[in-house]
Number of protein chains: 2
Amino acid sequence: MPKAAARQDARQKLLDAALSVIRTKGYSATSVDELCAAAGVTKGAFFHHFKSKEELGVAAANHWSQVTGALFASAPYHAHADPLARIIGYLEFRKALLQGGVPEFTCLVGTMVQESYETAPAIREACNASISDHAAALEPDIGAAMRDRDLAADWSAASLALHTQAVLQGAFILAKAKGGAGIAADSVDHLIRYLKLLFGPGAVERQS
Amino acid sequence: MPKAAARQDARQKLLDAALSVIRTKGYSATSVDELCAAAGVTKGAFFHHFKSKEELGVAAANHWSQVTGALFASAPYHAHADPLARIIGYLEFRKALLQGGVPEFTCLVGTMVQESYETAPAIREACNASISDHAAALEPDIGAAMRDRDLAADWSAASLALHTQAVLQGAFILAKAKGGAGIAADSVDHLIRYLKLLFGPGAVERQS
DNA sequence: ATATGCGTACCGACTAGTTGGTATGCTGTC
DNA sequence: GACAGCATACCAACTAGTCGGTACGCATAT
């Protein structure tokens with residue numbers, strides 16, 4: 001019975017379509033009709049599940065958090081024993097993700113927040129939560145690496161975690177401007193170099 | 001005779017209005033009518049000077065390059081004798097610019113390229129030129145600092161120059177998401193710390 | 001078993017307003 | 001009187017959102 005399975009999946013199809021369409025054209029330039037066409041559903045279905053386009057935007061940001069959250073949670077870099085190795089592993093993983101076309105590896109919430117931070121507070125907050133939560137997931141490892149090496153820093157683990165996200169978001173903008181991923185990988189390399197310098201020479205190698 | 005002065009300035013007023021309106025609402029969400037209202041001109045004047053909205057976008061990006069180019073060319077950090085001190089001075093200057101509301105200190109071309117990189121090649125290229133030219137202006141100082149210190153690096157002056165722009169663009173996104181400049185300043189601080197580590201301890205202090 | 005009742009999921013034509021763009025005309029300057 | 005600079009009026013296409021209606025699953029009663 002495909003009927004039971006088919007039910008309630010217009011919402012999912014719309015959210016999945018939103019991820020790719022909005023990353024390609026931006027939030028404002030994406031029309032509801034276009035979203036419906038990409039998802040293969042009707043406008044009636046759209047407004048049955050979302051009371052407005054803005055609500056779809058919020059839901060898309062949350063959906064993005066879930067999808068990427070699952071991706072990073074199951075990534076292999078968590079296996080490293082040394083916390084700094086896990087952080088570097090995370091960044092290498094981000095670099096490995098820079099494959100395919102620009103719309104495929106760039107960030108949904110980074111794109112959306114640029115367009116709606118002043119006009120759609122609900123979207124801004126959902127995007128902020130997505131970025132901030134993702135950064136917060138890095139904090140424990142950064143904190144542990146600092147403690148491991150008795151670092152008396154004038155910066156916090158939280159600020160460094162957010163800085164990694166700033167570099168990534170900025171790398172995406174340059175990739176969009178230049179039309180390729182190369183420059184983004186270079187920027188992540190600079191970030192990795194920064195971390196290795198911060199935590200001392202040979203810091204990663206002296207892991208267990 | 002205000003007439004002679006008033007002539008030909010609809011274009012300037014439109015470009016100036018574009019800088020602030022597009023930075024606030026984004027390119028797609030900004031309508032031609034809105035732009036005209038903000039500039040205090042009519043639609044006829046708009047399409048007299050620009051044959052399409054996209055052409056206005058390109059012109060706005062070029063206008064942005066000119067305005068910011070003049071700002072940075074006349075900035076005080078060029079006075080430092082040491083090239084590294086000039087670079088750090090540039091970043092401190094960028095930090096000092098993080099004043100007022102978010103729309104006032106964020107970057108026009110970074111905002112525009114996100115929305116139009118796939119749909120408007122002319123705008124993408126104009127934004128790319130703006131970012132790349134600005135980065136290129138930093139290259140000579142970075143190269144000089146590398147030579148001064150006999151740095152045998154596995155990265156180029158060009159890639160570090162672009163990395164600074166990535167950090168700044170990413171910092172703007174975080175500022176938009178969080179609704180404040182604080183996080184952006186933190187990220188620039190991390191970047192300054194990276195440069196000081198890269199060029200060796202006490203590198204800036206041993207300038208003339 | 002089957003009839004009744006009801007809620008959720010979905011459809012697609014419709015509307016009021018907005019969009020980028022055009023056609024035409026007026027006004028001052030060379 | 002030609003032409004640049006602008007204004008006004010207008011248009012077809014598109015916009016987000018609405019609305020009356022259908023299809024179907026599920027619970028309870030009979």
Side-chain angles (χ1 to χ4, degrees), chain A residues 1-18 21-22 24-61 63 112 115-116 118-124 126, chain B residues 1-18 21-22 24-61 63 112 115-116 118-124 126:
Chain A
M1 62 274 273
K3 278 293 162 53
R7 292 198 111 224
Q8 170 70 327
D9 72 353
R11 187 189 163 90
Q12 277 300 315
K13 290 200 284 188
L14 279 165
L15 288 175
D16 289 336
V21 179
I22 295 177
T24 304
K25 314 192 43 176
Y27 171 77
S28 301
T30 297
S31 72
V32 173
D33 281 327
E34 206 171 348
L35 235 23
C36 293
V41 306
T42 61
K43 219 164 176 185
F46 184 101
F47 284 101
H48 174 74
H49 290 287
F50 308 102
K51 77 176 210 285
S52 67
K53 185 187 171 187
E54 179 169 345
E55 195 176 287
L56 175 276
V58 172
H63 183 50
M112 275 207 297
E115 297 182 66
S116 49
E118 277 277 335
T119 47
I123 294 182
R124 201 217 79 230
Chain B
M1 66 269 278
K3 278 291 159 60
R7 290 194 115 226
Q8 173 67 329
D9 71 355
R11 186 188 164 91
Q12 277 301 314
K13 290 201 284 187
L14 279 165
L15 288 174
D16 289 337
V21 179
I22 295 178
T24 304
K25 313 190 48 179
Y27 171 76
S28 300
T30 297
S31 72
V32 173
D33 281 327
E34 207 173 347
L35 235 23
C36 292
V41 306
T42 62
K43 223 166 172 182
F46 183 101
F47 284 100
H48 175 73
H49 290 286
F50 309 101
K51 77 173 211 284
S52 67
K53 185 189 173 187
E54 179 168 346
E55 194 176 288
L56 176 275
V58 173
H63 184 51
M112 274 206 299
E115 296 180 67
S116 48
E118 277 278 334
T119 47
I123 294 182
R124 200 217 78 228

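- Between D:dT8, D:dG17, C:dG20, one nucleotide has an atom nearer to the side chain of A:F47 than all others, and that is D:dG17.
- On a pure distance criterion of 3.5 Å, no polar donor-acceptor pair joins the side chain of A:K43 and the base of C:dA13.
- For a distance-only test at 3.5 Å, the side chain of B:K53 fails to qualify as a donor-acceptor partner of the base of C:dG21.
- In this structure, B:S31 reaches the C:dT19 phosphate: one of its side-chain N or O atoms is under 4.0 Å from OP1 or OP2.
- Taking only side-chain atoms of B:T42, from C-beta outward, the nucleotide of C:dT19, C:dG12, D:dT8 with the closest atom is D:dT8.
- When each of D:dA7, C:dG20, C:dC11 is scored by its nearest atom to the side-chain atoms of B:V41, the top-ranked nucleotide is D:dA7.
- The B:A10 side chain lies nearest to D:dC6 when the options are D:dG17, C:dT19, D:dC6.
- For A:H49, a side-chain nitrogen or oxygen approaches OP1 or OP2 of C:dC10 to under 4.0 Å.
- For D:dG5, the OP1/OP2 oxygens have a side-chain nitrogen or oxygen of B:H48 closer than 4.0 Å.
- A:T30 comes within 4.0 angstrom of sugar-phosphate atoms only, judged by non-hydrogen atoms across all strands, and of no base.
- Rounded to a whole Å, the CZ atom of B:F50 is 13 Å from the P atom of C:dG21.
- At whole-Å resolution of the value, CZ in B:F46 and P in D:dA9 are 20 Å apart.
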